[in-house]
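Working notes for the structure below.
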Protein chains: 2
Amino acid sequence: MSDGRSGSGFGGESLLFLTDEQLRQGIEAMFFAYQGFTADPDRILAELAYGRAHHRAMHFINRAPGTTVNNLLSILGVTKQSLNRVLRALVEDGLVDSRVGTLDKRERNLYLTDRGRELEQRLSDAQRIRMRAAYKQAGPEAVQGFKKVLEAMMDADMRRAYADLREASQ
Amino acid sequence: MSDGRSGSGFGGESLLFLTDEQLRQGIEAMFFAYQGFTADPDRILAELAYGRAHHRAMHFINRAPGTTVNNLLSILGVTKQSLNRVLRALVEDGLVDSRVGTLDKRERNLYLTDRGRELEQRLSDAQRIRMRAAYKQAGPEAVQGFKKVLEAMMDADMRRAYADLREASQ
DNA sequence: CAGTTTATGTCAGCATTGTTGACATTCCAA
DNA sequence: TTGGAATGTCAACAATGCTGACATAAACTG
């Protein structure tokens, strides 16, 4: 594992020879970049006594209005109990509307209220500004590669969720 | 902010026109990919009653042996109190060695013990395997773009830390 | 159709890891 | 040498993971 090399065999099979050092750079880049990625919304959230968990919930409710708790937690990769706490706060504060399902009354369909949409917008805007700046700085070809590697890094079910979301917005 | 367009002006200045939708895909890719990125070490850590914080500390101590608490917390972006709790556990468990600084006795120089190196290796290996697979799947050109965008996404001080680490390993 | 099982969501309590505040020790500068 | 700054530790609190217990609704089974 730690011979500092990677590749399928002695040669020929793959053109990629990745040293442990190269891989470590990628790992560290991922770590540092994620800090920047979340920094701007985090600052806004801190003012409002909310956290990242609230942001994530609002993001995906906005993305798929009417989604259920069950669906949401599979996307977020947390337990329903953990998500529940966050949703309760958002509902109490009037940012999320939770309606008993019409077809299946066990389910709750989730929607952002006007105020919820407003905050989500504010958070997304902050995050998009950084994303846009990074994309511009890196250039168009880089963006392709960026997305490719990220997608390849996802677990299978997350890759599916990701594809579903993209297709959902036409 | 939300006109679905991005660019410096009406045209000509930039060749990149990024819709909010494109940016959102990047944001979601980042979120889902980070889950995958941390999933494998997380599984190992859970067995050992450690968390991500322990992994991060061990990673950077391994990367820069003899580093101080102060330096470490600036890299990790957490408070010294938060880091301290994690370090205390690692020292007690014999994975990290904390030596009073020779030049400045207020400082503590941190080193992995043999057992610490062993666990760090195990965690890194798991993470590298996924990274390597993602790189291979995405291809060499993609890797360049990936790193470029990530670096552009970092906060300035993290970009500096990232550069320092790379240079430190020749 | 009655009774049991499964699915969905809520409430309670615990663990990890972030935070701030108070403090001891050491260094440095006036 | 004395007061302030820097470094690190200890304590207590908050956010957000987790598991377990439970209520309700739906679905299945005989």
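In what follows, chains are A, B, ... by sequence order, proteins preceding strands, each numbered from 1. The analysis underlying the following values was restricted to heavy atoms, covering all of them including side chains, and did not include hydrogens, waters or symmetry mates.
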salt_bridge([X], [Y]) N-O dist < 4.0 Å:
X        : Y        : result
A/Arg63  : A/Glu167 : no
A/Arg130 : B/Asp155 : yes
B/Glu21  : B/Arg24  : yes
A/Arg43  : A/Asp40  : yes
B/Arg117 : B/Asp114 : yes
B/Arg108 : B/Asp97  : no

Review item, nucleotides 11-14 of chain C N/O atoms under 3.5 Å of protein N/O:
| from | atom 1 | to | atom 2 | distance (Å) |
| --- | --- | --- | --- | --- |
| C/dC11 | OP2 | A/Arg88 | NE | 3.4 |

Spacing of [X] atom [atom1] relative to [N] atom [atom2], expressed in whole Å:
X       : N      : atom1 : atom2 : value
A/Tyr50 : D/dA14 : OH    : C1'   : 15 Å
A/His55 : D/dG17 : NE2   : P     : 14 Å
A/Glu92 : C/dT10 : CD    : P     : 12 Å
A/Leu72 : D/dT16 : CG    : C1'   : 15 Å
B/Asp42 : C/dT17 : CG    : C1'   : 13 Å
A/Arg52 : C/dT19 : CZ    : P     : 10 Å
A/Leu73 : C/dA7  : CG    : P     : 14 Å
B/Leu45 : C/dA15 : CG    : P     : 18 Å

Would you say [N] has OP1 or OP2 under 4.0 Å from some side-chain N or O of [X]?
X       : N      : value
B/Arg56 : C/dG18 : yes
A/His54 : D/dT16 : yes
B/Thr79 : C/dT19 : yes

Subject >> Plane angle bin for B/His59 and B/His55 - parallel if under 30°, tilted between 30 and 60°, otherwise perpendicular >> reply: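 The rings of B/His55 and B/His59 stand perpendicular, inter-plane angle above 60°.
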**OP:** Please work out whether the ring planes of A/Phe31 and B/Phe60 are parallel, tilted or perpendicular, with thresholds of 30° and 60°.
**Re:** tilted
Original post:
Nearest 0.5 Å, what's the CG-CZ distance between A/Asp164 and A/Arg159?
Top reply: 12.5 Å
Original post:
Residues from residues 102-112 of chain B sitting under 4.0 Å of DNA chain D, heavy atoms only?
Top reply: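 Residues of residues 102-112 of chain B that come under 4.0 Å of DNA chain D are, in numerical order, B/Arg106, B/Glu107, B/Arg108.
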